[in-house]
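Step one of this worksheet: look at the structure below.
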Amino acid sequence: MKYSLYFAPTSKDVPSEAEIISHKLMIRSGMIKQSSAGIYSWLPLGFNVLKKIEHIVRKEQEKAGAVELLMPTMQSADLWIKSGRYDDYGKEMLRIQDRSSRQMLYGPTNEELITEIFRSYINSYKDLPKNLFHIQWKFRDELRPRFGVMRGREFLMKDNYSFDLTFEEAKKSYNNMYRCYLKTFLKLGLTPIVLRAESGAIGGNLSHEFQILAKTGESTLYYDKELENIDPSKANIEKLQDYYAAVDDQHNPSECPINEKQLKISKGIEVGHIFYFGTKYSEKLSALVQTSDGKNVPVEMGSYGIGVSRLVGAIIEAFHDSKGIIWPDQVAPFYVSILNLNTKDLKCNQESEKMYSNLCNINIETLYDDRDIAAGSKFSDHDLIGIPYKIIIGPRDIKEGRVEIENRKTGKKNKLSIEEALNYIIKKSKDSQKL
RNA sequence: CGGGGAGUAGCGCAGCCUGGUAGCGCAUCUGGUUUGGGACCAGAGGGUCGAAGGUUCAAAUCCUUUCUCCCCGACCA
């Protein structure tokens, strides 16, 4: 993408409403624009990252055996009245009437709908287990939306629902998702810490929340430092759940089962939550399956959520410096920038164009800064946007056939020949795809 | 929902107390000089002062109502 054609309205100034760093950086880098309290437009850069995160979440769901579908944002109140949550959910639920005065609502979650879908098609234990997910916008009319996209009223969530015949099977599904979540957050470059949780409005008795480490996080976590070095593809999930982890109000130093050396204290942000809730909805909505001995029993369910739009903010909270965002390679909106430092220099233009088309030809996402502005502004913009690598093409070095590559994270610069630079980026890009 | 704060140019703010020509910085536009870490000179455009009502010869400024946004708390992906 040529910067001159792109739409990334960066700025030095931040509107005074932004308080936390991710919110400020998202506004400054032109990722989002607030539309009203807790509701945002996603500008190209923000949308790009959102899709990348969504993609990684989706792939991990699929690997774990979940199947994607898409349920509507608008739901009829009927099912919610049946489940009893139409009254329970309170003012957080946005209620609307359609033209014929039917009660509608903008879905804050989808247990009722998915149960109804399941009920309509599945009647036999032979069709179990099933695990269905979708990635859809939700609306919760929060008492107080804040922190930009981290706590919006409208937000993008991946939610999935497991259906099993027995508790034992349901627990397997639950642990399967537990593993899947660890993998997902690691894939995003984050460090997940899992806590036992209250199950809240969703209901149920087996529940964990997934936090990711970020020095500016909201909650303070106390946990066994071993949890930072988990390999979820090998670990035994039941055993993992025995490790100590607590948020500050659960943590009691005198009762803490691990010694001081093992205990680590860090800040975290909640990005996922999983619940087992058994037959709570299947009973109320008559989602029954027939067992091998001919009985009809309510299906055992669990639900699992990842805040996809929240993750955009959370990742920035985890990875930034005084200059701006530092995207992990997997979610960066572009993999590499070309900074043409002088667009009036023939050689700079030629070599920049050539580099750009070479990178495009091998499908490396490139932002080519061809704007006629001061070099310093380009450096600042690309640092702010957080693209992992810069290829700096300026008149000074290009005369000698050289360009400079800068690593956004380390700040390290390398002078290389044009060809070396291209190969370097190709190699790095391949390495990062293996992650 | 309780407590606090703010709405004046795209953004950040001053002006309000003590009523009388709406201002500053950044951004934008034009011309020129620049271009290796947010350039410089010269010029220009841009406002129903959140909205409604009231007081007054006169309201950004005083009064009333209202809307919106932000911060702290309780709740949450």
Side-chain angles (χ1 to χ4, degrees), chain A residues 9-20 23-24 27-28 30 33-39 53 57 89-93 107-110 135-160 181 185 197-202 207-212 218-219 249 269-275 303-314 322-324 339-345 348-349 369 371-384 390 392-399 402-404 406 411 413 415:
Chain A
T10 57
S11 73
K12 281 189 275 189
D13 308 317
V14 209
S16 52
E17 66 231 33
E19 190 66 14
I20 63 163
H23 192 190
K24 285 181 181 165
I27 293 172
R28 285 194 50 209
K33 171 170 169 50
Q34 178 163 326
S35 166
S36 52
I39 302 176
I53 295 171
V57 170
Y89 220 96
K91 285 193 171 174
E92 271 199 12
M93 188 153 75
T109 177
N110 289 66
I135 300 174
Q136 176 64 294
W137 292 93
K138 307 286 191 291
F139 193 91
R140 292 181 192 169
D141 201 353
E142 296 280 345
L143 288 175
R144 181 150 100 87
R146 63 183 124 172
F147 305 144
V149 299
M150 299 257 284
R151 180 102 178 264
R153 291 195 291 172
E154 187 181 59
F155 59 99
L156 187 62
M157 179 162 112
K158 185 287 303 169
D159 43 325
N160 65 304
Y181 271 36
F185 297 125
E198 302 299 319
S199 43
I202 306 262
S207 169
H208 287 90
E209 65 179 57
F210 288 71
Q211 301 247 356
I212 57 99
E218 260 194 288
S219 7
D249 56 341
I269 298 167
E270 190 188 353
V271 289
H273 208 142
I274 62 177
F275 305 89
S303 75
Y304 314 87
I306 289 180
V308 176
S309 48
R310 170 178 284 191
L311 272 167
V312 180
S322 58
K323 292 179 185 170
L339 270 59
N340 179 352
L341 293 189
N342 190 339
T343 54
K344 294 203 168 70
D345 183 293
C348 280
N349 287 345
D369 200 333
R371 294 174 299 170
D372 181 21
I373 58 170
S377 308
K378 297 192 181 181
F379 281 102
S380 305
D381 272 344
H382 292 259
D383 283 336
L384 175 63
K390 292 187 198 74
I392 300 156
I393 300 180
R396 195 179 68 197
D397 290 339
I398 203 68
K399 272 185 269 176
R402 289 197 298 183
V403 301
E404 205 164 18
E406 185 185 327
K413 293 183 182 181
K415 282 193 184 173

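Numbers restart at 1 for each chain; the letters A, B, ... are given by sequence-line order, proteins then strands. Everything quoted here is computed from the prediction, not taken from an experiment.
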Of the listed B/A39, B/A77, B/C75, the closest approach to the A/Arg140 side chain comes from B/A77
Write down the atom of A/Ile398, the atom of A/Ile393, and the distance for their closest heavy-atom approach.
-> CD1-CG2, 3.9 Å
Can you tell me, in whole Å, how much space there is between the P of B/G4 and that of B/A60?
-> 29 Å
Determine the minimum heavy-atom distance between A/Ile27 and A/Ala18, stating which atoms define it.
-> CD1-CB, 3.9 Å
Backbone of A/Lys415 reached by a side-chain donor or acceptor of A/Glu404 within 3.5 Å = no
Contact class for A/Leu156 vs. all strands (heavy atom < 4.0 Å): base, sugar-phosphate, or nothing?
-> nothing
Side-chain donor or acceptor of A/Arg28 under 3.5 Å from a matching atom on the base of B/G38?
-> yes
Protein N or O to nucleotides 44-46 of chain B N or O, pairs below 3.5 Å:
none

Base partner of B/C69, which must satisfy Watson-Crick or wobble distances under 3.5 Å | B/G5
Whom does B/U34 pair with, Watson-Crick or G-U wobble, provided both distances fall under 3.5 Å?
-> none
Determine, for A/Asp372 against A/Lys344, whether the closest basic-nitrogen to carboxylate-oxygen distance falls under 4.0 angstrom.
-> yes
Under 4.0 Å between any heavy atoms, over every strand shown, what does A/Asp381 touch: base, sugar-phosphate, or nothing? Just pick one.
-> base
Quote, to the nearest angstrom, the C1' distance that separates B/C70 from B/G32.
-> 43 Å
Gap between atoms CG and P, on A/Leu341 and B/A39 respectively (whole Å) | 13 Å
Considering only side-chain heavy atoms of A/Asp397, which listed nucleotide, B/G36, B/C1, B/C76, is closest?
-> B/G36
Assign A/Gly272 to base, sugar-phosphate, or nothing according to its heavy-atom contacts below 4.0 angstrom with the strands shown.
-> sugar-phosphate
Separation of atom CZ in A/Arg153 from atom C1' in B/C76, rounded to whole Å = 14 Å
Please step through side-chain contact (heavy atoms from CB on, under 4.5 Å) for the pair A/Lys138 and A/Asp159, ending with a clear verdict.
-> CA-CA 10 Å; A/Lys138 307 286 191 291; A/Asp159 43 325; 2.9 Å; yes
Which comes earlier along RNA chain B counting from the 5' end, the contact point of A/Val271 or that of A/Thr343, where each point is its nearest nucleotide?
-> A/Thr343
Are the ring of A/Phe379 and the base ring of B/G36 both nearer than 5.5 Å at their centres and tilted by less than 30°?
-> no
Between A/Arg28, A/Lys323, A/Arg371, A/Lys390, which is the residue that forms a salt bridge (Lys or Arg N to Asp or Glu O under 4.0 Å) with A/Asp381?
-> A/Arg371
Determine the contact category for A/Ile392: base if any of its heavy atoms lies under 4.0 Å from a base atom, sugar-phosphate if only primed atoms, P, OP1 or OP2 are that close, otherwise nothing.
-> base
Would you mind telling me which of B/A77, B/C26, B/G36 lies closest to the side-chain atoms of A/Lys12?
-> B/C26
Just call it for A/Lys415: base, sugar-phosphate, or nothing, with non-hydrogen atoms closer than 4.0 Å on any strand.
-> nothing
Between B/C69 and B/C75, how far apart are the P atoms? Round to whole Å, please.
-> 24 Å
Measure from the side-chain heavy atoms of A/Arg144 and tell me the nearest of B/C72, B/C76, B/G36.
-> B/C72
Within the structure shown, what part of the strands sits under 4.0 Å from A/Glu142 by heavy-atom distance: base, sugar-phosphate, or nothing?
-> base
Do A/Asp397 and A/Val403 pass the side-chain contact (heavy atoms from CB on, under 4.5 Å) test, and can you show the C-alpha distance, the side-chain angles, and the key distance before you say yes or no?
-> CA-CA 6 Å; A/Asp397 290 339; A/Val403 301; over 6 Å; no
Here the distance between atom C1' of B/C76 and atom CZ of A/Phe275, to the nearest Å, is 10 Å
Write down the distance separating the P atoms in B/U55 and B/A14, rounded off to the nearest Å.
-> 31 Å
Strand partner of B/G20, provided both Watson-Crick or wobble distances fall under 3.5 Å = B/C57
Could you go through nucleotides 30-34 of chain B and list every protein N or O atom that sits under 3.5 Å from one of its N or O atoms, giving the distance for each pair?
{"from": "B/U34", "atom 1": "O4", "to": "A/Lys344", "atom 2": "NZ", "distance (Å)": "3.1"}

Rounded interatomic separation in angstrom, taking CG from A/Asp159 and P from B/A77 = 12 Å
Under 4.0 Å between any heavy atoms, over every strand shown, what does A/Glu154 touch: base, sugar-phosphate, or nothing? Just pick one.
-> nothing
In whole Å, what is the span from the CZ atom of A/Arg151 to the P atom of B/C72?
-> 11 Å
Where the side chain of A/Ser36 is concerned, which of B/A74, B/C69, B/C76 is the nearest nucleotide?
-> B/C69
Roughly how far apart are A/Glu19 CD and A/Lys24 NZ, rounded to 0.5 Å?
-> 6.0 Å
Span that lies between the C1' atom of B/A39 and that of B/C26, in whole angstrom = 14 Å
Nearest-angstrom distance, C1' atom, B/G45 to B/G31 | 15 Å
Heavy-atom nearest nucleotide on RNA chain B taken for A/Gly152 and for A/Ser377; more 5' hit belongs to A/Ser377
Under a 3.5 Å limit for both distances, which nucleotide forms a Watson-Crick or G-U wobble pair with B/C29, could you say?
-> B/G43
Test A/Tyr89 against A/Arg140 for side-chain contact (heavy atoms from CB on, under 4.5 Å), laying out the working first.
-> CA-CA 10 Å; A/Tyr89 220 96; A/Arg140 292 181 192 169; 3.6 Å; yes
Which atoms of nucleotides 6-13 of chain B (N or O only) lie under 3.5 Å from a protein N or O atom, and what are those distances?
{"from": "B/G12", "atom 1": "OP1", "to": "A/Ser16", "atom 2": "N", "distance (Å)": "2.9"}
{"from": "B/C13", "atom 1": "OP2", "to": "A/Ser16", "atom 2": "OG", "distance (Å)": "3.3"}

Taking NZ from A/Lys138 and P from B/A77, how many angstroms apart are they, rounded to a whole number?
-> 12 Å
A/Ser380, nearest nucleotide to its side chain (from B/C1, B/C76, B/G38) | B/G38
Report the C-alpha separation of A/Ser36 and A/Arg153 in whole Å, then their side-chain angles, then the decisive distance to 0.1 Å, and conclude whether the side-chain contact (heavy atoms from CB on, under 4.5 Å) test is met.
-> CA-CA 10 Å; A/Ser36 52; A/Arg153 291 195 291 172; 4.1 Å; yes
Is the A/Tyr181 ring parallel, tilted or perpendicular to the A/Tyr304 ring (thresholds 30°, 60°)?
-> perpendicular
Please evaluate the base of B/G36 for a donor-acceptor partner in the side chain of A/Asn342 within a cut-off of under 3.5 Å?
-> no
Aromatic ring pairing A/Phe275/A/His273, orientation class (parallel under 30°, perpendicular over 60°, tilted between) = parallel
If we call it a pair only when both distances are under 3.5 Å in a Watson-Crick or G-U wobble match, what pairs with B/A14?
-> none
Sticking with atom P, work out how far B/C72 lies from B/C29, rounded to a whole angstrom.
-> 36 Å
A/Ile373 atom CD1 is separated from B/C40 atom P, nearest whole Å, by 14 Å
Nearest to the side chain of A/Arg146, which nucleotide is it out of B/G38, B/C69, B/G73?
-> B/G73
Rounded distance in Å between the C1' positions of B/G7 and B/G15 = 15 Å
Any A/Gln34 side-chain nitrogen or oxygen under 4.0 Å from OP1 or OP2 of B/C70 | yes
Check: A/Asn340 main-chain N/O paired with A/Lys378 side-chain donor or acceptor under 3.5 Å = yes
